[in-house]
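Structure record follows, encoded as structure tokens.
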Amino acid sequence: MPEKYDFRSVEKKWQDYWYSERVFEVTEDKSKPKFYALIEFPYPSGAGLHVGHIRAFSSMEVISRKKRLEGYNVLFPIGYDAFGLPTENYAMATKQHPRKVTDENIAKFSEQLMEVGYSFDWSRVVDTTDPGYYKWTQWIFIQLFKHGLAYKATTSVNFCPKCKVVLANEESQGGICDRCGSEVEQREKDVWFLRIRNYAERLLKNLDKLNYPERIKTEQQNWIGRSEGADVTFTVRFDGGEYPLVVYTTRPDTIFGATFLVVSPEHPLLKDHFDAVLNKAEIEDYQQKARLKKEFDRVQVNKDKTGIKVEGMVAVNPITGAEIPVFTADYVMMDYGTGAIMAVPAHDKRDWDFAKKFSLPIIEVIKSDVDVQVEPYCAKEGSGVMVNSGFLNGLKVKPAIKKMIEYMEQTGVGKAKVDYKMKDWAFNRQRYWGEPIPIIHCPHCGQVPVPDEELPLRLPDLKDFTPTDDGTSPLSKCTDWVNTVCPVCGSPAKRETDTMPQWAGSSWYFLRYESPHDGAHVVDPEANKYWGQVDWYNGGMEHVTRHLIYSRFWNQFLYDIGVVKDEEPYIRRSAQGLILGSDGEKMSKSRGNVVNPDDVVKQYGADVLRLFIMFIGDYEKPAPWSEEGIKGCNRFRQRFWGLLDMISDKADTSDLNLDSLVKQVGDDYENCKFNTAIAKLMTALNTVYARGSLTKKEFDTLCILLYPVAPHITSEMYSRVHGGAKIDKTSWPKYDPKRLVEDAVEIPVQVMGKLRGRITIPTGSDEAQALSAAKEAGLIDGDIAKVIYVKDKIINVVLKR
RNA sequence: GCCGAAGUGGUGGAAUGGCAGACGCGGCGGACUCAAAAUCCGCUGAGGGAUGACCUCGUGCGGGUUCAAGUCCCGCCUUCGGCACCA
């Protein structure tokens, strides 16, 4: 029996070697092809490493270790996305400075990651809260500002009364604060935005070129939300004037069925010409209610439609000349389209509901089986023929849209327009622990960027960084810092006190890894020339519509201004599934089903933790934790260790096709099928155990194939057999394509599609040979009508009846 | 409402249209042991049958295509994820 494997001393030994000899640190070695593997850098929370991190990081860890043996120069970096609210909140609660908390958390994370044995290049660690790093975050912001892509605007924003912070829409979904769960209020505020909408078309279009899973592309497409339609100008008449009112519609073909107009309660029509409104009190009351309504309530889809008729105003349909009433209703949003719609109740569910409630006429303009007085007919493009529509009559929907847009453009009534659901990126936080926005407000010069030579604009070392009740940043309390002079004219001026959102630092960190210590550039052009794009980026589905889009946007911008050489940052993307608790529920403290990776490492060692996480199931799907499953992987490791005592020249290798194993395991790793790769290695191990011995070549191959997942034990075993040689200096095994198949194959014999038996025939046999073998075996009797033979796979005969 | 993913033994999960259930867990039986644990060997979808290899059924439900369907098509049900009064 082999000695018991002592994982503690072995894992320590190899980790010491990897990290003290800097085995995984890389430079721009032009003699080798490069490979850049990236994982989403963690937020260093006080809770430490989570098993979810292990799953997320282990895929690129496996790929990195494999690629190195294949001869690639692999950049596999790590860093910390360390600005953010949880740290700040924890710091306030424990009366410490967030700097201190962050440093402690980073130290803890680094130690934990090393104990798992990850092959990161630890010389390239980035920390988004390091002034040497955020200097460049600020520099990029200034470039965006100079190119007109950063602007300050007053809008209604989501304000969390508890966190005292303005939230982006995506942080307050369902009207609930992402951070604390409180209900969000609407407030007017002057905030910074980035014009990501200018990049919407490109972000969408480039998806075609990228190797992202379809589900990720789909989510990004939905998020960007492109629609083709037209801006159409109606005229609103009232006592003493006219007002051109532009509506956005994707269905200009239905304009003959527009029986009323609806404007959002915030629409300028109701400000600019409020004098003309006859029922002022009613409208004001309604506007007030809409403002107080939380966004969540307002967007409830199935609630009753509410609204008020705007008395004293009437709109003119520019195509038919008909006069139609004007309403205001909160089902029309100010921040999409133009904040005003033409309502076509016959063919839109919302307009239909509204029309029924207010007894407005419903005119059918697309022929269908349904009675539009009873229910709306919401025709998809291309289904149905136009009726009651003048010159469009008889056309199908699609050509009708085209014809109407042409007509509108000729007559100047409207013009084609593409719109996007994606909104500009609200780029601000009213909190302390973030990058200061490097802008100075000068009474004469307006918004002036901080000069490059003054970057980084450091966060002042505040003692009290609790948020202010009025929603302004804690930085506003630091008057020494706020009061400055204008870099242009020298007048007394004030600094911007908002900080950047947490998404800022993570929008370009992958570039910083390429030259983490460069003091003169965002990324050293030489380093960028060598490392270029991220070859493979793994991360969570939860970041697909925020971080992944934001960082693509920044990279495209940096490409446009000549800072980086590639338009898209990531060539390939994968996404791990969630690790659930053993109860099948999402891990959470309140459920008490959280597994701490530290505990697993202590009890079983890093290799078993890594093996189990990779074996647990389909990498891209959620998988429940299992204590029993861990034990199985522990057993596998011990059995693998037993191979040391089984090496023999006399081993019979006929039952193990190494070429096939090398191909299958390698392919599985490359396709994120880590679970089946490990299963195949288990099968091979069982084969070797059944025969009791293996050759040195088989031993080496098994060790190297398992090495990316379990590097400690395989390093030790390889070293013992090869007089201290290092497995990380070997090469990934090659396979001979000619030897992937055996001399003989066993194939099933079917009669009329039913399994009758099996025969063994020489590989590559033709139909006649296979058929005679099947007959010889007595598996076929009766008159044969047809034979289906798939070489080396199956033979199926159809009998005459 | 729209878009997407999924539904397979006791269990986690495998299967380019070609032997359903690989591999792991659990369970049962055996070996070793005074005994237990650990380890090793064997069996393990359901039903039937002469219980050594024969039959029937079986991948959420109902139809279909095919020599052959977990896989493809049509129609449902359920679960999960994303978007959402988006005009």
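Numbered from 1 within each chain, the chains take letters A, B, ... in sequence-line order. Note that the structure is a prediction, hence the values are computed from the model and not measured.
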Is any side-chain N of the basic residue among A:K417 and A:E228 closer than 4.0 Å to the acidic one's carboxylate O? no
Does a side-chain N-to-carboxylate-O contact under 4.0 Å join A:E620 and A:R215? yes
CD1 of A:I401 to OG1 of A:T250, rounded to nearest 0.5 Å, is 7.0 Å
Base, sugar-phosphate alone, or nothing: which one does [X] contact when heavy atoms must sit under 4.0 Å apart?
| X | answer |
| --- | --- |
| A:K586 | nothing |
| A:S227 | sugar-phosphate |
| A:S626 | nothing |

What side-chain donor-acceptor pairs closer than 3.5 Å can you find for residues 655-664 of chain A, not counting sequence neighbours?
residue	atom	partner	partner atom	Å
A:D655	OD1	A:R691	NE	3.1
A:D655	OD1	A:R691	NH2	2.7
A:N657	OD1	A:D659	N	3.1
A:N657	OD1	A:S660	N	2.9
A:N657	ND2	A:R739	O	3.0
A:N657	ND2	A:L740	O	3.1
A:N657	ND2	A:E742	OE2	2.9
A:D659	OD1	A:D736	N	2.7
A:S660	OG	A:Q664	NE2	2.9
A:K663	NZ	A:D667	OD2	2.7

Closest to the side chain of A:E746, out of B:C83, B:C19, B:C86, is B:C19
Out of B:A87, B:G82, B:G18, whichever nucleotide has its closest atom nearest the side chain of A:N222: B:G82
Judged by modelled atom types alone, do [X] and [Y] share a side-chain donor-acceptor pair under 3.5 Å?
| X | Y | answer |
| --- | --- | --- |
| A:S626 | A:E628 | no |
| A:N198 | A:R195 | no |
| A:E364 | A:Y377 | no |
| A:S227 | A:Y248 | yes |
| A:T763 | A:D792 | no |

Would you tell me if any nitrogen or oxygen in the side chain of A:Y248 comes within less than 4.0 Å of OP1 or OP2 on B:A87? no
Between protein and nucleotides 66-73 of chain B, what N or O pairs are separated by less than 3.5 Å?
residue	atom	partner	partner atom	Å
B:C67	O2'	A:N796	ND2	3.4
B:C67	O2	A:N796	ND2	2.2

Minimum heavy-atom separation for A:P345 to A:A343, with atom names? CD-O, 3.3 Å
Can you name the nearest heavy-atom pair linking A:V709 to A:R610, along with the distance? O-NE, 2.8 Å
Roughly how many Å is it from CD1 in A:I579 to C1' in B:G12, rounded to a whole number? 12 Å
Its glycosidic angle compared against 90° from 0, B:G70 adopts the form anti
Write out all pairs satisfying side chain to side chain donor-acceptor pair (under 3.5 Å) with one or both partners inside residues 573-588 of chain A, taking only residues at least two apart or from two chains. A:E40-A:R573, A:W536-A:S574, A:N538-A:S574, A:N538-A:Q576, A:D583-A:N593, A:S588-A:S590
Any protein N or O atoms within reach of nucleotides 50-60 of chain B? Criterion: under 3.5 Å, listing atom names and distances.
none

Polar-atom pairs under 3.5 Å, protein N or O versus N or O of nucleotides 22-24 of chain B: list them with distances, or write none.
residue	atom	partner	partner atom	Å
B:G24	OP1	A:N686	ND2	3.2

Dot-bracket for RNA chain B, please, read 5' to 3', with Watson-Crick or G-U wobble pairs under 3.5 Å on both distances, ( ) within the strand, [ ] crossing, | other strand, . unpaired. (((((((..(((.....[....)))((((((.......))))))((((.....))))..(((((..]....))))))))))))....
